[in-house]
Amino acid sequence: MTRPTILLTGANGQVGFELQRTLALHGDVVACDRGKLDLGDRNALAGTVRSIRPQVIVNAAAYTAVDRAESEIVQAEAINTIAPAILAEEAKRIDAVLIHFSTDYVFDGASALPYDELALTRPLNVYGRTKRDGESAIAAIGGANLIFRTSWVYGLRGSNFLLTMLRLAAEREELRVVADQSGVPNWSRDLAETIATLVGQGVPALVDRAGLYHLSASGATNWYDFARAIIGDVERPRVVPITTVEYPTPARRPAYGVLASGKFERTFGIELPEWRDALARCLAARVEAQKTV
Ligand SMILES: NC(=O)c1ccc[n+]([C@@H]2O[C@H](COP(=O)([O-])OP(=O)(O)OC[C@H]3O[C@@H](n4cnc5c(N)ncnc54)[C@H](OP(=O)(O)O)[C@@H]3O)[C@@H](O)[C@H]2O)c1
């Protein structure tokens, strides 16, 4: 099997950074951060794909500032809707596979059962709408595309709930955390390792299994319980459950965002571990990383 050339966008993001390492095991990675490739620059996007001519494009870039997106609609659309469409068009021109990520925020959270890929989308905020429109644009263009919806991504870099809770726990006596939004946390490294495993199965296998998939750890939690799991069994800070109403934000968020990964598991024969297992491994990796600093 020849090693594919893989174009990776968003190489500095939570998932993108992890993908740089995991994808390198299976192909020659051209890793582009925002400085190297701005997804808001349509000409640069097309030009980069045409000059590199990758067999696989992994789009880990996204406009992920959920609250800011409410006032930066044009920017969110450019990165989450238009750029993925251009990547899909360019991928189709050169018969490349496009791997793209989306979110549980495409749903309104009114369900009481995990969402599968056939569930109706109804985003509550600009971020979710622009991501949903990105999915639709990719599907309309056709070609060999794999879209993975995931949820509540955290990791050891960037800005995420885990790092915010660890920082606040060191600063404050009390943390007030929303307890009425349920979902599943996903460690960026687990996502990156899973995607790399799929790429390692070869480009023809990716082409055969093109489609939309939910990719998530198993189990479910809420932000309050997730915070308690991060901080551990300590007396200080005190973690206090609050409601969404008590923590108003510019963007509305779904009350429930659990994704059913059954289609992914049946198709690829891979199951992500339970979210608590992933969190324990991530916290252990953090301790290891601190030892080497
Ligand atoms: N984070 C979550 O909780 C979550 C949940 C569900 C799904 N997802 C999806 O999972 C995927 C990966 O998310 P993530 O958590 O890794 O996001 P992230 O950490 O915010 O990373 C996104 C990356 O995109 C880059 N980017 C933004 N605008 C760009 C532009 N104009 N040109 C080039 N790069 C640009 C950012 O660059 P800078 O570093 O320069 O800002 C950042 O490195 C995304 O598709 C996201 O929608 C995320």
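Order of appearance sets the numbers: ligands from 1, and atoms from 1 within every ligand. Since this is a predicted model, take the numbers as computed values, not measurements.
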Polar-atom distance check: [X] versus ligand 1, any N or O pair below 3.5 Å?
{"X": "R34", "answer": "yes"}
{"X": "T64", "answer": "yes"}
{"X": "Q14", "answer": "yes"}
{"X": "A61", "answer": "no"}
{"X": "G16", "answer": "no"}
{"X": "D33", "answer": "no"}

Open item on the list: Check for me, please, whether L206 and L23 land in the same ILVMFWY cluster - side-chain distances under 4.5 Å, paths through other members count.
Closed with: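 Yes, same cluster.
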For ligand 1, which part of [X] has a heavy atom less than 4.0 Å away: the side chain, the backbone, both, or neither?
{"X": "Y127", "result": "side chain"}
{"X": "K131", "result": "side chain"}
{"X": "W152", "result": "backbone"}
{"X": "I79", "result": "side chain"}

TODO: Within a distance under 4.0 Å of any heavy atom of F101, pick out the atoms of ligand 1 and give their elements.
DONE: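 So the answer, numbered in order with elements, is 10 (O), 11 (C), 45 (O).
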- [ ] Using a strict 4.0 Å cut-off to heavy atoms of L37, name the atoms of ligand 1 that fall inside it.
- [x]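 What qualifies from ligand 1 is 32 (N), 33 (C).
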TODO: Kindly assign one of parallel, tilted or perpendicular to the pair Y127 and Y105, based on the angle between their ring planes and the thresholds 30° and 60°.
DONE: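 Geometry flag for Y105 against Y127: perpendicular rings.
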Open item on the list: Tell me whether the rings of F107 and Y115 are parallel (<30°), tilted (30 to 60°) or perpendicular (>60°).
Closed with: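 Aromatic pair F107/Y115 classed parallel.
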Let me confirm one number: the [atom1]-[atom2] distance from [X] to [Y], rounded to the nearest 0.5 Å.
{"X": "M165", "Y": "L175", "atom1": "CE", "atom2": "CG", "answer": "6.0 Å"}
{"X": "R50", "Y": "L45", "atom1": "CZ", "atom2": "CG", "answer": "11.0 Å"}
{"X": "L168", "Y": "E173", "atom1": "CG", "atom2": "CD", "answer": "13.0 Å"}

Task: Nearest neighbour in protein (non-hydrogen) for atom 6 (C) of ligand 1 - done: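 Checking every protein heavy atom, the shortest distance to atom 6 (C) of ligand 1 gives T150 O, 3.2 Å.
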TODO: Please report which non-hydrogen protein atom sits nearest to atom 48 (C) of ligand 1, along with the residue it belongs to and the distance in Å to one decimal place.
DONE: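 Of every protein heavy atom, V153 CG2, 3.7 Å lies nearest to atom 48 (C) of ligand 1.
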Task: Exercise: do R68 and Q75 side chains pair donor with acceptor under 3.5 Å - done: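 Note: R68 and Q75 side chains miss the donor-acceptor criterion.
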Task: Polar contact flag, side-chain donor to acceptor under 3.5 angstrom, N80-R129 - done: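 No - no donor-acceptor pair under 3.5 Å links their side chains.
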- [ ] Measure from atom 16 (O) of ligand 1 to every heavy atom in D41, V15, N186 and give the option owning the shortest one.
- [x]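 Heavy atom nearest to atom 16 (O) of ligand 1 belongs to V15.
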TODO: Nearest heavy atom to atom 7 (C) of ligand 1 wins, so pick from G155, S151, S102, A83.
DONE: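 The residue whose heavy atom sits nearest atom 7 (C) of ligand 1 is S102.
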- [ ] Looking only at non-hydrogen atoms, find the nearest pair between A179 and Y224 and report the distance.
- [x]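 Looking at all heavy atoms of both residues, the closest pair is CB-CB, 3.6 Å.
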TODO: Give a yes or no on whether R157 atom CZ has more than 12 heavy-atom contacts from other residues, nucleotides or ligands under 6.0 Å away.
DONE: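 For R157, atom CZ is crowded (more than 12 foreign heavy atoms under 6.0 Å).
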Open item on the list: I'd like to know if A60 contacts ligand 1, where contact means a heavy-atom distance under 4.0 Å to any ligand atom.
Closed with: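 Under 4.0 Å: yes for A60.
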